[in-house]
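Accompanying notes for the structure given below.
Everything numeric in this text was worked out from a predicted model, so none of it was measured. In this chain, residues are counted from 1 in sequence order.
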Amino acid sequence: MSKILIRGAKVLGGEPQDVLIDGETIAEVGTGLSAEGAEVVEADGKVLLPGLVDLHTHLREPGREDSETVLTGTRAAASGGYTAVFAMANTFPVADTAGVVEQVWRLGREHGYCDVRPIGAVTVGLEGKKLAELGAMHESAAGVTVFSDDGKCVDDAVIMRRALEYVKAFDGVVAQHAQEPRLTEGAQMNEGVVSAELGLGGWPAVAEESIIARDVLLAEHVGSRVHICHLSTAGSVEIVRWAKSRGIRVTAEVTPHHLLLTDELVRTYNPVYKVNPPLRTERDVMALREALADGTIDIVATDHAPHPHEDKDCEWAAAAMGMVGLETALSVVQETMVDTGLLDWAGVADRMSVKPARIGQATGHGRPVSAGEPANLTLVDTAYRGPVDPAGFASRSRNTPYEGRELPGRVTHTWLRGKATLVDGKLT
């Protein structure tokens, strides 16, 4: 592989430096670097980050290729600056066996736009009744370390305890979709003032918070790791903060849309704003931002949930829940966290690369931008600001809540082990 010289990049937002890539690794970081025959990328003060890692992506393959495929999803990931994604298990068939997770893993290797780490289901068929083949999935070629029934909650406390005990043997983690099902029957949006005024079924915060409280106590009892998916309420933040103060091995994620959007948008009845968990209040949004800044919430994860046009272009009650997010995540984080002064770019690298790689044990990702490290990198034009145009998305689906909205920042280049997957904003 040829050499690449990135000239004048602000590494983690610091002073401009040059970064020399030689083959799959970073050869040198410094000023005034040169390399004979190297391809030169003029960074012009753009911010250079380690390649982003998404711990919560829906690639839909196998079974729902009308929404997304591993190819289109990983192209979207590369466009958003990601070099690794963790693919959720709610496919058709469900990723609850070694055979299915290996299929997803191999598709990721074949397409090459980013590394794909399959997430295994906790229970057979996501039905919450019987543990799936956790050990077999871990021992498979896919090397599964994260297990989740995302889309459904593991609401049976005994099943959850057994899963936590099982994954402890190989330091795996159970990622919980915290939603008490009986408290959310018929729910359409956040329970509060807006739901009362619109007459839509309310989704109470306690439905999320009660499951998180139970699971952190189970994790403490077992001595295992639990991860909270798409945390969305101020109350959930306080529970996680309390759990961490006790030394419980809990981590948590927040989505970009829960950092920016509120339930007031549901007044439009536009199903693009229908998501699980639902958009919450301004108070919740502010609590989530503060928790991400102070480390109570460990990471940002997209919960990229593509849906075909017909599943969103319908009345609110019939619409599917979910939003695409891979191609806009970094821009939303810049607007909500960096431009507000809550995080610097080193903090963004920590929340969107270092920690998600650590939680999911994604070797080679989330590493420092320094000599000898894998050349998994993303270059961001932070000065850019422009409207979101889903027509230009690499994802197969277009269900973004940001269409026409101006957002800051644009990923211009992504490198996966020294190979460019995105150059000047265009996929290679």
Side-chain angles (χ1 to χ4, degrees), residues 54-80 82 84-96 100-121 125-126 142 146 148-152 175 177 179 188 229-230 255-258 261 270-279 301-329 332 388-403 427:
D54 188 16
L55 200 66
H56 191 150
T57 300
H58 296 274
L59 296 181
R60 302 302 192 206
E61 190 176 10
R64 284 305 305 267
E65 290 84 358
D66 58 329
S67 304
E68 194 77 283
T69 65
V70 173
L71 174 59
T72 59
T74 54
R75 284 169 63 90
S79 297
Y82 288 88
V85 298
F86 285 73
M88 276 296 175
N90 57 341
T91 50
F92 299 94
V94 171
D96 57 5
V100 179
V101 295
E102 284 187 355
Q103 176 188 356
V104 175
W105 174 73
R106 288 197 171 92
L107 284 169
R109 285 173 64 88
E110 289 170 10
H111 297 317
Y113 281 91
C114 74
D115 286 348
V116 175
R117 300 290 301 270
I119 292 176
L126 308 180
V146 183
S148 181
D149 277 1
D150 183 66
K152 295 183 179 180
H177 174 114
Q179 177 191 351
Q188 294 290 315
C229 295
H230 43 49
T255 71
H257 48 270
H258 286 113
L261 308 177
N270 186 340
V272 76
Y273 299 119
K274 188 177 181 182
V275 67
N276 181 348
L279 300 179
T302 69
D303 192 10
H304 175 79
H307 291 292
H309 180 72
E310 58 270 20
D311 286 0
K312 281 291 192 178
D313 186 22
C314 56
E315 65 181 31
W316 178 275
M321 295 179 177
M323 304 168 171
V324 291
L326 285 167
E327 294 170 79
T328 52
V332 175
V388 175
D389 180 9
F393 281 1
S395 171
R396 177 160 285 186
S397 295
R398 302 288 182 265
N399 52 304
T400 174
Y402 310 116
E403 182 173 6
L427 290 159

* To do: Could you check His177 against Asn276 for side chain to side chain contact (heavy atoms under 4.5 Å, CB included), going step by step and ending with a plain yes or no?
  => CA-CA 9 Å; His177 174 114; Asn276 181 348; 3.4 Å; yes

* Does the side chain to side chain contact (heavy atoms under 4.5 Å, CB included) test come out yes or no for Thr57 and Thr302, once each step is laid out? -> CA-CA 7 Å; Thr57 300; Thr302 69; 4.2 Å; yes

* Trace of the side chain to side chain contact (heavy atoms under 4.5 Å, CB included) decision for Arg64 with His307 -> CA-CA 9 Å; Arg64 284 305 305 267; His307 291 292; 5.7 Å; no

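Formation of a donor-acceptor pair under 3.5 Å by the Arg398 side chain with backbone atoms of Pro390 is found in this model. A donor-acceptor pair under 3.5 Å is formed between the side chain of Ser397 and the backbone N or O of Ser67. Between the side chain of Lys312 and the main chain of Ala319, no donor-acceptor pair closer than 3.5 Å is present. Using modelled atom types, no side-chain atom of Glu403 and backbone atom of Pro401 make a donor-acceptor pair closer than 3.5 Å. With hydrogens and angles disregarded, no donor-acceptor distance shorter than 3.5 Å links the side chain of His230 to the backbone of His258. A donor-acceptor contact shorter than 3.5 Å is absent between the side chain of Asp150 and the backbone of Ala175.
Closest heavy-atom contact between Tyr113 and Ala78: O-CB, 3.9 Å. Closest approach of Glu61 and Thr69 over heavy atoms only: OE1-CB, 3.5 Å. Between Thr74 and Cys114, the shortest heavy-atom distance links the atoms CG2-SG, 3.6 Å. Nearest heavy atoms, Lys274 versus Trp316: NZ-O, 2.9 Å. Of all heavy-atom pairs between Phe393 and Thr328, the closest is CZ-CG2, 4.1 Å. Shown here for Asp96 and Ala121, the closest heavy-atom pair between the two residues is CB-CB, 3.8 Å.
No side-chain N or O of Thr255 forms a donor-acceptor pair with one of Asp303 less than 3.5 Å apart. A donor and an acceptor atom, one from each side chain of Ser395 and Glu68, are located under 3.5 Å apart. With no hydrogens or angles considered, no side-chain donor-acceptor pair links His304 and Asp54 at under 3.5 Å.
Judged as a ring pair (Phe, Tyr, Trp, His ring centres under 6.0 Å), and not counting sequence neighbours, His257 has no contacts.
One distance of note links CG of Leu126 with OG1 of Thr91; it measures 8.0 Å at 0.5 Å rounding. To the nearest 0.5 Å, atom OH of residue Tyr273 and atom CG of residue Asn399 are 12.5 Å apart. Taking OG of Ser148 as the reference point, atom CG of Asn90 lies at 8.5 Å (rounded to 0.5 Å). Taking CG of Asp115 as the start and OH of Tyr82 as the end, the distance is 15.0 Å to the nearest 0.5 Å. Rounded to the nearest 0.5 Å, atoms CG (Asp389) and OG1 (Thr400) are 10.5 Å apart.
Proximity of Pro93 to Gln103: side-chain heavy atoms (C-beta onward) are nowhere separated by under 4.5 Å. Under the 4.5 Å side-chain criterion, counting only non-hydrogen atoms from C-beta, Arg60 is not in contact with Val70. Proximity of Glu327 to Val388: side-chain heavy atoms (C-beta onward) are nowhere separated by under 4.5 Å. Within the 4.5 Å cutoff, the side chain of Ser79 has heavy atoms near those of the Leu427 side chain. Leu59 is not listed as a side-chain neighbour of Pro306, based on a closest heavy-atom distance of 4.5 Å or more. You'll find the side chain of Val116 reaches within 4.5 Å of the side chain of Val85, heavy atoms only.
The six-membered or imidazole ring of His58 lies near that of His56, with a centre-to-centre distance under 6.0 Å.
Evaluated for a side chain to side chain contact (heavy atoms under 4.5 Å, CB included) with Arg396, the options Leu71, Asp66, Thr72 yield exactly one hit, Thr72.
Arg106 and Glu102 are joined by a salt bridge, as a carboxylate oxygen and a charged side-chain nitrogen come within less than 4.0 angstrom of each other.
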